[in-house]
Amino acid sequence: MMQLFSAEQYQPDLQQRFTTLRDSLLHLLPYARIEHVGSSAVPGAVSKGDLDVAVVVLLAQHAATVQTLLALGYTEQADTLRTEALCMLNAGAEMPEHALQIVAARSEFEDFMRFRDALLAEPALVQQYNAVKQAASHLPAEAYRAAKSAFIESVLQRLPASTEQGHSA
């Protein structure tokens with residue numbers, strides 16, 4: 001069974017970790033836009049307690065950014081979508097646990113921010129998302145992710161298409 005934590009149990013710590021990580025990533029990658037994404041970025045959202053961060057760069061900078069982060073000890077996440085516009089990285093063993101989504105600006109992968117912003121704008125969606133995660137928490141990890149993905153897709157399909165993002169926390 002997937003253990004889920006209430007927002008009060010994990011969000012204050014992860015917000016501080018995000019701020020520290022954002023500052024260090026901006027020092028390393030001053031051209032990047034660093035976005036707090038995932039449940040820890042949404043007040044009231046239940047979560048496994050993990051920190052997800054989107055590193056948004058121009059497509060022309062994507063491969064070099066990935067290489068820079070790999071050289072620092074990040075590892076590419078296996079068994080996940082990988083394109084020239086998206087690469088998922090996990091923190092190295094010596095780092096606090098977090099995941100980075102290296103995203104090309106103006107690509108479809110900016111949906112990480114679109115979904116977060118939809119939840120921020122509509123608290124009822126947060127409650128629906130929590131219910132989906134809680135109902136699927138007893139399922140194997142793959143089925144849990146599938147249930148979440150179906151909900152995320154249903155929310156994204158309702159949103160107007162957008163290529164500009166301005167939220168950074």
| task | Answer whether the closest heavy-atom distance between the side chains of Val55 and Val103 falls below 4.5 Å. | result | no
| query | So do Asp52 and Phe112 actually touch side chain to side chain, heavy atoms under 4.5 Å? | reply | no
| message | Whether Asp117 and Arg114 form a salt bridge (side-chain N of Lys/Arg under 4.0 Å from carboxylate O of Asp/Glu) is what I want to check. | response | no
Side-chain donor-acceptor pairs under 3.5 Å in residues 138-151, sequence neighbours left out?
{"from": "His138", "atom 1": "ND1", "to": "Ala135", "atom 2": "O", "distance (Å)": "3.1"}
{"from": "Ser149", "atom 1": "OG", "to": "Arg145", "atom 2": "O", "distance (Å)": "3.0"}

| message | I need the Ser137 OG to Lys48 NZ distance, nearest 0.5 Å. | response | 12.0 Å
| Do Leu51 and Glu97 come close enough that some side-chain heavy atom pair is under 4.5 Å? | no
| Steps toward side chain to side chain contact (heavy atoms under 4.5 Å, CB included) verdict (Glu108, Thr83) | CA-CA 11 Å; Glu108 65 186 287; Thr83 73; over 6 Å; no
| message | Within this structure, what is the CE-CG distance for the pair Met95 and Leu72, rounded to the nearest 0.5 Å? | response | 6.5 Å
| remark: Separation between CG (Leu89) and CD1 (Ile102), nearest 0.5 Å, reads 5.0 Å
| field | Any side-chain heavy-atom pair of Leu69 and Leu28 under 4.5 Å | value | yes
| request: Identify the heavy atoms of Ala91 and Pro96 that sit nearest to each other, and give their distance. | output: CB-O, 3.5 Å
| task | Could you pull out the closest heavy-atom pair between Leu120 and Pro43, with the gap in Å? | result | CD2-CD, 3.5 Å
| query | In terms of heavy-atom contacts, does CD of Glu122 have more than 12 from other residues, nucleotides or ligands at under 6.0 Å? | reply | yes
| Test side-chain contact (heavy atoms from CB on, under 4.5 Å) applied to Asn90 - qualifying residues, sequence neighbours left out | Thr75, Gln77, Ala99
| query | Is it true that Val66 and Ile34 fall in one hydrophobic cluster, defined by side-chain heavy atoms closer than 4.5 Å? | reply | yes
| request: Work out which heavy atom in Met113 is nearest to a heavy atom in Ala54; give both atom names and the distance. | output: SD-CB, 3.7 Å
| request: Please name the pair of heavy atoms, one in Gly49 and one in Leu14, separated by the smallest distance, quoted to 0.1 Å. | output: O-CD1, 3.4 Å
| task | Find out whether Leu25 and Leu100 are in side-chain contact, i.e. whether some heavy atom of one side chain is under 4.5 Å from a heavy atom of the other. | result | yes
| remark: Sorted by chain and number, sequence neighbours left out, ring pair (Phe, Tyr, Trp, His ring centres under 6.0 Å) with His62 holds for none
| field | Any side-chain heavy-atom pair of Thr65 and Tyr31 under 4.5 Å | value | yes
| Cluster link Met88 to Val56, ILVMFWY, side chain under 4.5 Å | yes
| said: The test is side chain to side chain contact (heavy atoms under 4.5 Å, CB included); show your working for Ile152 and Tyr129 and say whether it passes. | reply: CA-CA 8 Å; Ile152 292 167; Tyr129 191 40; 3.7 Å; yes
| remark: Residue set satisfying side-chain contact (heavy atoms from CB on, under 4.5 Å) with Glu84, at least two apart, ordered chain then number -> Leu59
| task | State the CG-CD distance between Leu119 and Gln128, to the nearest 0.5 angstrom. | result | 9.5 Å
| message | Do Val57 and Leu21 land in one hydrophobic cluster if side-chain heavy atoms of ILVMFWY residues count as linked below 4.5 Å? | response | yes
| said: To the closest 0.5 Å, what do you measure between CZ (Arg116) and NE2 (His36)? | reply: 9.0 Å
| Closest non-hydrogen atom pair between Val46 and Ser6, with its separation | CG1-CA, 4.4 Å
| request: Side-chain contact test, heavy atoms from C-beta onward, threshold under 4.5 Å: evaluate it for Tyr74 versus His98 and give yes or no. | output: yes
| query | Residues in side-chain contact (heavy atoms from CB on, under 4.5 Å) with Ala118, at least two apart? | reply | Leu125, Val155, Leu159
| said: Starting from Val126, can I reach Leu4 by hopping between I/L/V/M/F/W/Y residues whose side chains sit under 4.5 Å apart? | reply: no
| message | Using side chain to side chain contact (heavy atoms under 4.5 Å, CB included), reason through Arg106 and Leu58 one step at a time and then give a plain yes or no. | response | CA-CA 8 Å; Arg106 294 179 290 285; Leu58 296 175; 3.4 Å; yes
| Got a donor-acceptor contact below 3.5 angstrom from the Gln101 side chain to the Glu110 backbone? | no
| Under 4.5 Å between any side-chain heavy atoms of Glu35 and Val53, yes or no? | no
| task | Mind checking the CZ-CG spacing from Phe5 to Asp13? Nearest 0.5 Å is all I need. | result | 11.0 Å
| message | Tell me every residue that passes side-chain contact (heavy atoms from CB on, under 4.5 Å) with Ser47, counting only those two or more places apart in sequence or in another chain. | response | Tyr10, Ser39, Asp50
